[in-house]
Amino acid sequence: MAHKTGFVTVIGRPNVGKSTLINALVGEKIAITSPRPQTTRSNMRAILSTEDHQIIFIDTPGIYSPKNKLGELMTDAAKKTLDEVDAVIYVCDATDRTLLSADRKIIDLIKQAGKPTVALINKIDMVAKELLLERIATLSAEYPFSDIIPVSALKDDGLDIVLESVVKLLPEGPELYDREYITDTSMRDIAADIIREKILLFTKDEVPHGTGVEIVRFIEGEDGRSTHIDATIYCDKESHKSIILGKNGTMLGKIGAKAREDIGKLLGEKVDLKLWVKVRENWRNNKGFLVEQGFGDK
Ligand code: GDP
Ligand code: MG
């Protein structure tokens, strides 16, 4: 059997489990996940290589109606991938009572692109099986999906079938990346995303999505020395800065400790992480600044 290689974009509404799915398929924590929507800000690639195939998954920010410039760039980035891929994984949420209008809009984009698409109904660990039949029927009336597969990305349920189904849709081709690469996103970007994930995790709803992380310095460790990372956290308001810092810097300490642990695991070496917090008002509507930060396309 000839080797197959292809690009597969994973699209769906925010919070349906796209990043969790890619992490489970590739088996490493690359894409950040969070219980709050819109955690993934720019498209991120994760690569799964086996003897027989190489699949480059594109994790997108989730398509929704944007409220500011950052949102617009995020949604556009997700839409654009549809033209560039060999196949599409569309994810919807089993816990929604019905297929939402936002889902229908995404399916319209898939129709326009006309790409072979596998539909996943995710989070089946949360719902009764009877409800799934109805959802499968609704989906199959919307578009000729190659397959409609109920899964739980979190519990690793049904994912073998997803891989089989996706591989069928890929063209024959040689490997594009060395087998050991699990992402073509730089460690800098991943480190920034991990830090942002921890901010979201610890500050709960007090700090909205108004934070950006810039990696100021990234010096790789060699010969058992640790990697040095300096990063600046940008936020919208002084009040957010004080929340992120916490009393006597305790919150920032917690964010730093957890981020250091995760980045260290991924790098397989010790990480020395220093964090600063700066206020940059209205940064989410400053396109120049956003592009500089790697959101959207240059
Ligand atoms: P994304 O915005 O589509 O990338 O969604 P994430 O992957 O960040 O996941 C959003 C939330 O849904 C997180 O809290 C995940 O833990 C949760 N989640 C993802 N997949 C599943 C699943 O199969 N079952 C359950 N119960 N929760 C899930
Ligand atoms: Mg995501």
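In what follows, residues are counted from 1 in the order of the sequence shown. Computed from heavy atoms alone, side chains included, the values below leave out hydrogens, waters and symmetry copies. Start at 1 and go down the list; that is how both ligands and their atoms are numbered. These numbers were taken from a predicted model, which means no experiment stands behind them.
- Of the listed residues (P14, G17, A153, G12), the one carrying the non-hydrogen atom nearest atom 5 (O) of ligand 1 is G17.
- Annotation: side chain to side chain contact (heavy atoms under 4.5 Å, CB included) contacts of E238 (sequence neighbours excluded): K241, V279.
- In this structure, a donor-acceptor pair under 3.5 Å is present between the side chains of E214 and Y234.
- A donor atom on one side chain and an acceptor atom on the other are found under 3.5 Å apart for S49 and Q54.
- Considering backbone and side-chain N/O of V16, one or more are found under 3.5 Å from N/O of ligand 1.
- Contact atoms of ligand 1 toward M126: 26 (N) (distance under 4.0 Å to a heavy atom of the residue).
- Because the distance cut-off is set at 2.8 Å, S19 qualifies as a neighbour of the Mg ion (ligand 2) through one of its N, O or S atoms.
- Side-chain contact, T250 with N248: no donor N or O sits under 3.5 Å from an acceptor N or O.
- Taking each of R13, K18, K123 in turn, the one with a heavy atom nearest to atom 28 (C) of ligand 1 proves to be K123.
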Please tabulate, one pair per line, all N/O donor-acceptor pairs under 3.5 Å involving side-chain atoms of residues 157-165, not counting sequence neighbours.
{"unit_1": "S165", "atom_1": "OG", "unit_2": "D147", "atom_2": "OD2", "d": "2.7"}

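- For D59, no heavy-atom contact with ligand 1 is shorter than 4.0 Å.
- Side-chain contact annotation: D59 with S19, donor-acceptor N/O pair under 3.5 Å present.
- For ligand 1, one of its N or O atoms has an N or O atom of S19 under 3.5 Å away.
- Which of D93, T20, V10 comes nearest to atom 7 (O) of ligand 1 through a heavy atom is settled by distance: it is T20.
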